[in-house]
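Below: the structure, in structure tokens.
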Protein chains: 4
Amino acid sequence: MSIKKPIGPRAQRKADRPGEILDAAFEEFVQSGYVATRVEDIAARIGVTKGTIYFYFETKEKLFEEMIRHVSVPFSDVKAYLQALEGPYAERLKDFIRIVYQRIATDRNSRELLRFMIAEGSRFPHIVDHHYDEFILPLMEALRELFEAGVAAGEFCGSPLTKIPEIALSPALLMSFWMMLFSDRKIFDVEAFIDAHSEILLNGLLRTAPL
Amino acid sequence: MSIKKPIGPRAQRKADRPGEILDAAFEEFVQSGYVATRVEDIAARIGVTKGTIYFYFETKEKLFEEMIRHVSVPFSDVKAYLQALEGPYAERLKDFIRIVYQRIATDRNSRELLRFMIAEGSRFPHIVDHHYDEFILPLMEALRELFEAGVAAGEFCGSPLTKIPEIALSPALLMSFWMMLFSDRKIFDVEAFIDAHSEILLNGLLRTAPL
Amino acid sequence: MSIKKPIGPRAQRKADRPGEILDAAFEEFVQSGYVATRVEDIAARIGVTKGTIYFYFETKEKLFEEMIRHVSVPFSDVKAYLQALEGPYAERLKDFIRIVYQRIATDRNSRELLRFMIAEGSRFPHIVDHHYDEFILPLMEALRELFEAGVAAGEFCGSPLTKIPEIALSPALLMSFWMMLFSDRKIFDVEAFIDAHSEILLNGLLRTAPL
Amino acid sequence: MSIKKPIGPRAQRKADRPGEILDAAFEEFVQSGYVATRVEDIAARIGVTKGTIYFYFETKEKLFEEMIRHVSVPFSDVKAYLQALEGPYAERLKDFIRIVYQRIATDRNSRELLRFMIAEGSRFPHIVDHHYDEFILPLMEALRELFEAGVAAGEFCGSPLTKIPEIALSPALLMSFWMMLFSDRKIFDVEAFIDAHSEILLNGLLRTAPL
DNA sequence: GATGAATGAGTCTTCATTCAT
DNA sequence: GATGAATGAAGACTCATTCAT
């Protein structure tokens, strides 16, 4: 058991600096994009000056990359959650869909991460590749496994979805895209959308069509 | 008998310049985004100098906006095509899907237009709104009408798709995103994807499930 | 007697081009100063294009210099007028003053010429020197002669004005400055000013003080 | 006991910078005028680079305006001086004249300020108005009061000068103008000029003409 | 750790000038 | 004579980055 000197609010603040900066950077980069964001604005957002940023991060470029890492929540818990699903496959799929909306489509961080990949992808190609390996691919694999297990269990029919699970999740991407572009300007009934998404998927999958 | 001054090579060149510039601007803006693109690079791409660009366009901003207009193909012919569809609604829907992929998902211009809206939307909000009014909304309306007519004709069942046609086209958006992010790095069987998309939609719509 | 082909309005216009340009240049240079005036604006003022200006004038600099020459009315007639003065010297002085106001202080051209010398003098030093030789010096000489003749005739007393005639005309310069700076914003009773000027001068000059 | 951080050479330098820049700006603007002066030249004059100028002043325009303010010495002390005059009004007037020459006509700053108003007045109209309110008007009022007091005391006769005091000071303006245009090229006996100016004024004012 | 004065490369934009038509 | 497309040098202004304090 180690003895730590108590961390006062002052020390606490200092310990948080990098995280604080990363959060501020996220907000500013979201607002203006990589090129148009000034490191001075990032500094101002947390009440420090340019120099402080450079004490913690070598360059604006490195800061951006670390910021991406910082806001990319680990996928492992999502995976664990999905693997722990039980019961009828129709329910498992609904749960799957729900968690995808919660953690990806609806979440602001994920949405802006997606925007960064689209907007700054050519400037930071390895970020895109990393996200493909770490997030997109595992998610698709997990979904594919769910489909295959459902088919093996005789609950799902052999839909093309089994081979191209991306299609099954594309409505979630659409919602992400929609919120990116219109945020609050175009109303969007999120709950109805998610329900419709689930219903449609199951319509095409269940051996007994609900017709 | 009209008197035309013969269009010499110079006059010809002049008439072509704006289009030439707009095309070059599209390529450069695609490559680097609005902020990072240098007017000089746009000029160099067609072998002229900065000054020439400013002879035709007041500012980089106006150039960007006109470029957007230039590459936004009018939606009217798509609409006309869709309205001319005949035969069973299943076939009409397949045709609809096919044209959406041809004209929107697969087309490089449309894809980069979408990227611009995501990447530069906050800088040019009216462009986003304009595209919503001119492209997204009409497309969704056309699809909704097709669904409703199919239901009225007794061919389609009352799926939630009827109310949220966006969901039906979301796979096309996914393909667009995919190509934006990975272009040629991740292979993608486009034909198989489109077929799967159609099949899944019909699975959920036709009164007689193909099961 | 030479036979000239009749000059139609078209030919007339062409013959006037240089003058027309010079007039336009005057207006534009007055408005914005030498550096900030664009030759394109000068051209636009008379409905032609840049190229036309360069057909008649080598450079903007030469155009400016010729414009100065163009608006500098010859001093010879003023001189002749002054030399033709007759009668009592008090009257001659009054006439002198009056002509100075008419031709110099009140005249817009002369005023703007003065402004050019102050504003652009360091860029065009020879213009300043030329105006000194052609206008200022002769005017002062003429005045000095008038004073001396008046003294010789026993009408004027030997005021210091005789040696420094500049002082005698300085109110006219003041009026010029005033109009340059405030034009119509600060009212100024020109007639009263001129009368006061004459009266004060004579007060100090006439052997019999009007006291 | 106050705690001051010792002003090191760096802190000192920082405190001096704005003044240093303003002085350099004055010299450069005097030399080339507003438009033709390059911010970089101002910087070079004090051995820094462009960026430094922009660290202290938002734009070239603001720099110019602040420079004007910086070189415009307050008029209050002149006013105080004038109000403290005592003795015979003839002497007071002579003192008045002398101070006008010292502080206005002869002073390089004032002269160049006048040049700026003539040359850049249309670009910075509020500067002209401000100088009218702050300098010209108060000076004229002070002179008018002096005249009126002199008349009331029975020392001065009711000359038109009383109503148009501008005329009384116009020789000082002439000297300013002369030095602006010819500086050292045309010799000018300043002392003799001032004496003559005083003498002429008094000739026209004193009840007992010196005749 | 933090500051902020200073740098200087980089970018948009302007405009005098040229010249093919 | 006149045009106007094209040039390219020049200048205002920005901002990532450094470093003495």
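Here is how names work: the chains are called A, B, and so on, in the same order as the sequence lines, proteins then strands, and each is numbered from 1. Because only heavy atoms are used, hydrogens play no part in the values below, and waters and symmetry mates are left out as well, while side chains stay in. Keep in mind the model is a prediction, meaning the values are calculated, not measured.
The side chain of B:Lys50 has F:dA10 as its nearest neighbour among E:dT11, F:dA10, F:dC15. Among the nucleotides E:dA2, F:dA2, F:dA12, the one closest to the side chain of A:Arg17 is E:dA2. Each of F:dC13, E:dG1, F:dG8 was ranked by its minimum atom distance to the side chain of A:Tyr56; first place goes to E:dG1. Set against F:dT7, E:dT3, E:dT13, the side chain of B:Thr49 has F:dT7 as its closest nucleotide. Of the candidates F:dG1, F:dT7, F:dA10, the closest approach to any side-chain atom of B:Val48 belongs to F:dT7. Here F:dA16 is the nucleotide among F:dA16, F:dG8, E:dG8 with the atom lying nearest to any side-chain atom of A:Val39. Checking F:dC15, E:dT17, E:dC12 against every side-chain atom of C:Tyr54, the shortest atom distance belongs to E:dT17. Proximity note for B:Thr52 (side chain, C-beta onward) versus E:dG10, F:dA2, F:dA6: the nearest is F:dA6.
The backbone N or O of B:Val30 sits nowhere less than 3.5 Å from a side-chain atom of B:Arg115 that would complete a donor-acceptor pair.
Straight-line distance from the CD atom of C:Glu61 to the P atom of E:dC15: 18 Å, rounded to whole Å. Atom CD1 of C:Ile46 is separated from atom C1' of F:dT3 by 14 Å (rounded to the nearest Å). Nucleotide E:dA9 holds its C1' atom 14 Å from the CD atom of B:Glu40, rounded to whole Å. Atom P of nucleotide F:dC15 and atom CD of D:Glu58 are separated by 13 Å, given to the nearest angstrom. The nearest whole Å value for the distance from the CZ atom in C:Phe55 to the P atom in F:dG4 is 16 Å. At whole-Å resolution of the value, CD1 in B:Ile42 and P in E:dT11 are 12 Å apart. A:Phe64 has its CZ atom 14 Å from the P atom of F:dA16, to the nearest Å. In this structure, A:Ile21 places its CD1 atom 11 Å from C1' of E:dG1, rounding to the nearest Å.
Nearest-nucleotide positions on DNA chain F place B:Gly47 closer to the 5' end than the other of B:Gly47 and A:Thr37. Toward the 5' end of DNA chain E, the nearer of the two residues B:Val35 and D:Gly51, judged by each one's closest nucleotide, is D:Gly51.
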* Yes or no on salt bridge (charged side-chain N to carboxylate O under 4.0 Å, His left out) for A:Glu20 and A:Arg45, after CA distance, side-chain angles and deciding distance? -> CA-CA 10 Å; A:Glu20 229 182 332; A:Arg45 184 176 275 266; over 6 Å; no

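Applying the Watson-Crick and G-U wobble criteria (two distances, each under 3.5 Å), F:dA12 pairs with E:dT11. Pair check for E:dT21 finds F:dA2; Watson-Crick or G-U wobble, both atom distances under 3.5 Å.
D:Lys60 forms a cation-pi arrangement with D:Tyr34, by the criterion of a distance under 6.0 Å to the ring centre and an angle within 45° of the ring axis.
Between F:dT21 and E:dG1, the distance separating the two C1' atoms is 13 Å to the nearest Å.
Under the 4.5 Å side-chain criterion, counting only non-hydrogen atoms from C-beta, D:Ile68 is not in contact with D:Phe124. Counting heavy atoms from C-beta outward, A:His126 and A:Glu65 have side chains that approach closer than 4.5 Å.
Proximity of the aromatic rings of C:Phe116 and C:Phe64 is defined here by a centroid distance below 6.0 angstrom, and this criterion is met.
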